[in-house]
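Every value quoted in this text rests on a predicted model; they were computed, and no experiment measured them. Along the sequence shown, the residues carry numbers beginning at 1.
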Amino acid sequence: MNAMQTLVALWTVVLKEIKRFTRIWPQTLLPPSITMTMYFIIFGNLIGSRIGAMDGFTYMDFIVPGLIMMAVITNSYSNVASSFFSNKFQRSVEEMMVSPMPSWVILSGYIFGGMARGLGVGLIVTLVSLFFTRLTLEHPFLTLLVVVLTSALFSIGGFINALLANKFDDISIVPTFILTPLTYLGGVFYSISMLPDFWQAVSMLNPILYMVNVFRYGFLGVSDIPVGWALAAIVGFILVLFVVALKMLERGKGIRA
């Protein structure tokens with residue numbers, strides 16, 4: 001395939017993915033906005049008024065970046081995991097595998113599709129948050145960079161999950177037992193400076209903590225960890241997981257009998 005054909009193939013996969021989740025928007029875009037509205041009401045208004053300030057900001061202002069990031073992570077991951085596994089189950093992936101389309105194009109197409117949904121939901125949640133607080137952006141470029149990188153990272157993670165899954169129930173194991181606990185323990189609702197030293201050290205092993213903190217730094221200018229280290233960690237995770245996912249796809253892991 002020449003460069004133009006490769007771009008057309010990539011755009012075709014991306015467009016297919018975007019059309020898939022926008023066609024069923026009541027299932028893909030509406031529920032996250034409703035769920036986050038509940039978080040804003042319960043944690044931000046009701047509980048937040050009793051907690052008071054956190055790192056010098058109102059509790060609502062403190063948790064908004066974390067809630068936006070949580071929505072981006074969850075939707076980027078679930079979009080690719082469910083979409084690719086459905087295609088694998090229907091054996092339509094095999095048609096792409098035997099086509100002249102390079103494996104990296106297939107992988108990138110699904111990643112960009114997952115990013116589109118994750119970033120789209122993140123934008124919706126951001127707009128919803130404006131009904132509850134006034135957002136400020138201390139570092140706009142950094143904020144955009146980290147949310148794009150995070151969306152890409154978890155889209156790749158969802159792809160790997162779909163490759164390894166043997167049945168539909170398997171694609172819910174990682175989000176339920178790994179992703180959700182890590183997200184809730186990733187500093188979305190609290191600052192790790194509140195924890196004892198031992199648990200602060202344990203929290204440093206949670207990759208989501210880095211993403212939430214850099215994103216919060218972009219909004220508020222405060223972070224529990226060095227921003228440079230966090231960005232380096234996110235980029236490192238992306239490179240490693242992309243290579244792993246590409247090698248698995250090229251070998252037909254979970255696709256070929």
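- Every pair passing side-chain hydrogen bond (donor to acceptor under 3.5 Å, both in side chains) that includes a residue from residues 148-158 is listed here, sequence neighbours excluded: S76-S151.
- Cluster membership check: M97 does not share its hydrophobic cluster with F89, using side-chain heavy-atom separations under 4.5 Å among Ile, Leu, Val, Met, Phe, Trp and Tyr.
- For the atom pair I192 CD1 and D224 CG, the distance stands at 4.5 Å (nearest 0.5 Å).
- In this structure, I63 CD1 and M69 CE are separated by 15.0 Å, a value rounded to the nearest 0.5 Å.
- Applying the ring pair (Phe, Tyr, Trp, His ring centres under 6.0 Å) test to every pair with at least one member in residues 221-252, sequence neighbours left out, gives no pairs at all.
- In this structure, CG on L10 lies 7.0 Å from CG on L7, to the nearest 0.5 angstrom.
- You'll find the side chain of V227 stays beyond 4.5 Å of the side chain of H139, heavy atoms only.
- With sequence neighbours excluded, the residues forming a side-chain hydrogen bond (donor to acceptor under 3.5 Å, both in side chains) with K16 are N87, listed by chain and number.
- Under the rule for a salt bridge (Lys or Arg N to Asp or Glu O under 4.0 Å), R134 has no partner lying at least two apart in sequence or in another chain.
- Taking all atoms of both residues into account, the shortest heavy-atom contact from G66 to V212 is CA-CG1, 4.1 Å.
- Formation of a donor-acceptor pair under 3.5 Å by the S191 side chain with backbone atoms of M194 is not found in this model.
- In this structure, K253 contributes its side chain and L164 its backbone to no donor-acceptor pair below 3.5 Å.
- Here S82 pairs with R20, I171 under the side-chain contact (heavy atoms from CB on, under 4.5 Å) rule; sequence neighbours left out.
- Looking at heavy atoms from C-beta onward, L179 lies in side-chain contact with I73 at the 4.5 angstrom threshold.
- Contact detail for L231 and L142: the closest heavy-atom pair is CD1-CD1, 3.6 Å.
- Using modelled atom types, no side-chain atom of R216 and backbone atom of M211 make a donor-acceptor pair closer than 3.5 Å.
- Placement of V125 and F131 within a single hydrophobic cluster is found when ILVMFWY residues are connected by side-chain heavy-atom separations under 4.5 Å, directly or transitively.
- Judged by distance alone, the side chain of Y59 and the main-chain N or O of F189 form a donor-acceptor pair under 3.5 Å.
- Atom OG1 in T126 sits 3.5 Å away from atom CD1 in I68 (nearest 0.5 Å).
- The hydrophobic clustering, which links ILVMFWY residues whose side-chain heavy atoms are closer than 4.5 Å, places Y184 and V72 together.
- Here the straight-line distance linking atom CG of L123 with atom CG of L119 works out to 9.0 Å at 0.5 Å rounding.
- Here CG of L67 is found 11.0 Å from OG1 of T35. Values are rounded to the nearest 0.5 Å.
- Here ring pair (Phe, Tyr, Trp, His ring centres under 6.0 Å) pairs that include residues 65-87, with residues two or more places apart or in two chains, are F84-Y110, F84-F159, F85-F168.
- Taking all atoms of both residues into account, the shortest heavy-atom contact from P175 to P181 is O-CD, 4.5 Å.
- Across T133 and M60, no two heavy atoms sit closer than the pair CB-CG, 3.7 Å.
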Residue pair T28, N79: steps toward the side chain to side chain contact (heavy atoms under 4.5 Å, CB included) verdict: CA-CA 8 Å; T28 57; N79 187 80; 5.5 Å; no
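- Under the 3.5 Å distance criterion, the side-chain polar atoms of N213 are left unmatched by any main-chain donor or acceptor of S223.
- Within the structure, the side-chain hydrogen bond (donor to acceptor under 3.5 Å, both in side chains) test picks out no pair touching residues 199-208 (sequence neighbours left out).
- Remark: R23 engages no residue in a side-chain hydrogen bond (donor to acceptor under 3.5 Å, both in side chains) (not counting sequence neighbours).
- Distance alone, capped at 3.5 Å, is enough to place a donor-acceptor pair between the N75 side chain and the A71 backbone.
- For I18, the side-chain contact (heavy atoms from CB on, under 4.5 Å) partners are V14, F21, T22, A116, not counting sequence neighbours.
- Of all heavy-atom pairs spanning M101 and V13, the tightest one is SD-CG2, 4.0 Å.
- With sequence neighbours excluded, the residues that form a side-chain contact (heavy atoms from CB on, under 4.5 Å) with P102 are M1, W104, V105.
- In this structure, F219 and F215 have perpendicular ring planes: the angle between them is above 60°, well past the 30° mark.
- Not counting sequence neighbours, the partners of L130 by the side-chain contact (heavy atoms from CB on, under 4.5 Å) test are L127, L135.
- Between M70 and M36, some side-chain heavy-atom pair lies under the 4.5 Å cut-off.
- Side-chain heavy atoms closer than 4.5 Å link hydrophobic residues (I, L, V, M, F, W, Y) into clusters, and following such links, possibly through other members, connects I42 to Y39.
- Placement of V240 and L149 within a single hydrophobic cluster is found when ILVMFWY residues are connected by side-chain heavy-atom separations under 4.5 Å, directly or transitively.
- Pairs passing the side-chain hydrogen bond (donor to acceptor under 3.5 Å, both in side chains) check and including a residue from residues 169-179, sequence neighbours excluded, read K167-D170.
- Atom CE of M4 has 12 or fewer neighbouring heavy atoms from other residues, nucleotides or ligands inside a 6.0 Å radius.
- Y210 contributes a side-chain N or O that, together with a main-chain N or O of M204, makes up a donor-acceptor pair within less than 3.5 Å.
- Of the possible donor and acceptor atoms, one in the side chain of Y190 sits under 3.5 Å from a partner among the backbone N and O of L185.
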Trace of the side chain to side chain contact (heavy atoms under 4.5 Å, CB included) decision for T58 with D61: CA-CA 5 Å; T58 65; D61 289 342; 3.1 Å; yes
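- Contact record, T183 with I208: OG1-CD1, 3.4 Å, taken as the closest heavy-atom pair.
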